[in-house]
Amino acid sequence: LKNNTNLEEGFKWAEMAVTFQKTFNTLSNLAQFQSKLGRQAKADSLLKEALPLGSMTELHQYGRQLLAEKKNTEALEVFKFNAQKHPKDFTTHVGLARGYSANGDFKNALTNAKAALPLAANELNKQSVSDMIKKLENKQDIN
């Protein structure tokens with residue numbers, strides 16, 4: 001999938017994985033194959049099924065993956081979904097900050113970065129979020 005080779009074969013393996021176990025990872029992987037193969041409607045349907053199964057970390061990582069692929073609008077939707085499931089977590093606020101920032105909404109990004117700061121579990125996270133806040137205050141993307 002990442003190397004864009006043997007997509008049909010990879011699709012078959014991903015499809016088989018879903019028949020054994022429907023998890024966020026298996027469904028989202030299959031959705032990515034569907035998308036690469038030009039079957040976006042099916043990919044979207046699979047993602048709707050996958051999202052409720054994702055843990056906070058899985059959803060956050062998926063959102064980060066979408067940001068890396070420059071799918072900023074889709075990433076923000078994943079971060080918002082994650083925040084609905086986990087509204088008081090450090091990671092979800094950071095995800096929202098990243099998602100809003102990637103979409104140019106620095107006001108909402110800053111609000112969420114500031115909400116994340118007191119939830120940081122350690123000094124490294126606090127420093128990282130403090131750096132994000134400084135960038136956002138200057139209307140700079142944090143991604």
Side-chain angles (χ1 to χ4, degrees), residues 1-136 140-143:
L1 184 64
K2 287 182 182 179
N3 294 317
N4 209 30
T5 58
N6 299 326
L7 293 177
E8 285 294 341
E9 181 180 358
F11 168 76
K12 289 176 186 173
W13 283 102
E15 203 171 38
M16 189 180 307
V18 169
T19 64
F20 286 111
Q21 188 176 38
K22 281 190 177 186
T23 65
F24 173 78
N25 286 325
T26 59
L27 288 167
S28 63
N29 194 39
L30 181 58
Q32 289 175 59
F33 274 107
Q34 293 282 26
S35 182
K36 285 258 184 161
L37 292 167
R39 305 170 189 152
Q40 196 58 48
K42 185 63 177 167
D44 292 344
S45 174
L46 285 166
L47 282 174
K48 278 188 176 183
E49 187 178 350
L51 287 177
L53 302 176
S55 70
M56 180 191 58
T57 303
E58 288 170 330
L59 293 171
H60 182 76
Q61 288 305 107
Y62 183 60
R64 293 290 306 266
Q65 176 186 329
L66 290 170
L67 287 178
E69 295 171 2
K70 304 295 183 207
K71 296 179 178 178
N72 298 342
T73 303
E74 294 92 334
L76 180 56
E77 292 307 311
V78 171
F79 290 133
K80 285 179 178 179
F81 183 85
N82 203 13
Q84 288 174 350
K85 285 181 71 173
H86 309 280
K88 298 180 181 179
D89 281 27
F90 169 80
T91 302
T92 55
H93 284 292
V94 170
L96 284 170
R98 288 189 176 282
Y100 282 118
S101 177
N103 284 281
D105 184 347
F106 298 113
K107 181 182 176 187
N108 277 319
L110 183 59
T111 298
N112 280 284
K114 286 181 176 180
L117 188 60
L119 301 173
N122 56 49
E123 197 55 42
L124 180 62
N125 285 343
K126 285 180 186 177
Q127 186 58 53
S128 177
V129 173
S130 293
D131 292 344
M132 288 179 186
I133 290 171
K134 288 176 191 169
K135 284 185 173 183
L136 292 168
Q140 296 174 325
D141 186 18
I142 58 174
N143 296 294

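The analysis underlying the following values was restricted to heavy atoms, covering all of them including side chains, and did not include hydrogens, waters or symmetry mates.
The salt bridge (charged side-chain N to carboxylate O under 4.0 Å, His left out) contacts involving residues 105-127 comprise nothing, where partners must be two or more places apart or lie in separate chains. Within the structure, every pair that satisfies the side-chain hydrogen bond (donor to acceptor under 3.5 Å, both in side chains) test and touches residues 84-96, not counting sequence neighbours, is listed here: His93-Asn112.
Looking at Gln40 and Asp44, their side chains come closer than 4.5 Å, going by heavy atoms from C-beta outward. At least one side-chain heavy atom of Leu117 sits less than 4.5 Å from a side-chain heavy atom of Val129.
Using a distance-only test at 3.5 Å, with no hydrogens or angles considered, no donor-acceptor pair links the side chain of Ser101 to the main chain of Phe106. Under a 3.5 Å cut-off, the side chain of Asn143 and the backbone N or O of Arg98 do form a donor-acceptor pair.
Taken from CZ in Arg64 to CG in Leu59, the straight-line distance is 14.0 Å, to the nearest 0.5 Å. To the nearest 0.5 Å, atoms CG (Asn82) and CD (Glu58) are separated by 10.0 Å. To the nearest 0.5 Å, atom NZ of residue Lys12 and atom CG of residue Asn6 are 11.0 Å apart. To the nearest 0.5 angstrom, Phe79 atom CZ is 4.5 Å from Leu67 atom CG. Atoms OG and CG, from Ser55 and Asn25 in turn, are 8.0 Å apart once rounded to the nearest 0.5 Å. The distance from atom OG of Ser28 to atom CD of Gln34, rounded to the nearest 0.5 Å, is 12.5 Å.
No more than 12 heavy-atom neighbours from other residues, nucleotides or ligands sit within 6.0 angstrom of NZ on Lys42. In Asn3, the CG atom is not crowded: 12 or fewer heavy atoms of neighbouring residues, nucleotides or ligands sit closer than 6.0 Å.
Minimum interatomic distance between Ala102 and Asn72 (heavy atoms only, all atoms of both residues): O-ND2, 3.2 Å. Listed here is the closest heavy atom pair of Leu7 and Leu1: CD2-CA, 4.3 Å. Across all non-hydrogen atoms, the minimal contact from Phe33 to Ala14 is CD1-CB, 3.7 Å. Ala75 and Gly63 get closest at one heavy-atom pair: CB-O, 3.5 Å.
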Under the side chain to side chain donor-acceptor pair (under 3.5 Å) criterion, do Gln32 and Glu69 qualify, and how do the steps go?
-> CA-CA 12 Å; Gln32 289 175 59; Glu69 295 171 2; over 6 Å; no
Criterion side chain to side chain donor-acceptor pair (under 3.5 Å) on Thr26 and Gln21, from CA distance to verdict | CA-CA 7 Å; Thr26 59; Gln21 188 176 38; over 6 Å; no
Checking side-chain contact (heavy atoms from CB on, under 4.5 Å) for the pair Leu76/Lys80: CA distance, chi angles, key distance, verdict?
-> CA-CA 6 Å; Leu76 180 56; Lys80 285 179 178 179; 3.8 Å; yes
Given the rule in the side-chain contact (heavy atoms from CB on, under 4.5 Å) test, do Leu47 and Tyr62 qualify, once you have shown the distances and angles that lead to the verdict?
-> CA-CA 11 Å; Leu47 282 174; Tyr62 183 60; 3.3 Å; yes
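Residues passing the ring-ring contact (aromatic ring centres under 6.0 Å, His included) test with Phe11, sequence neighbours excluded: none.
In this structure, Arg39 pairs ionically with Glu8, as a charged nitrogen and a carboxylate oxygen lie closer than 4.0 Å.
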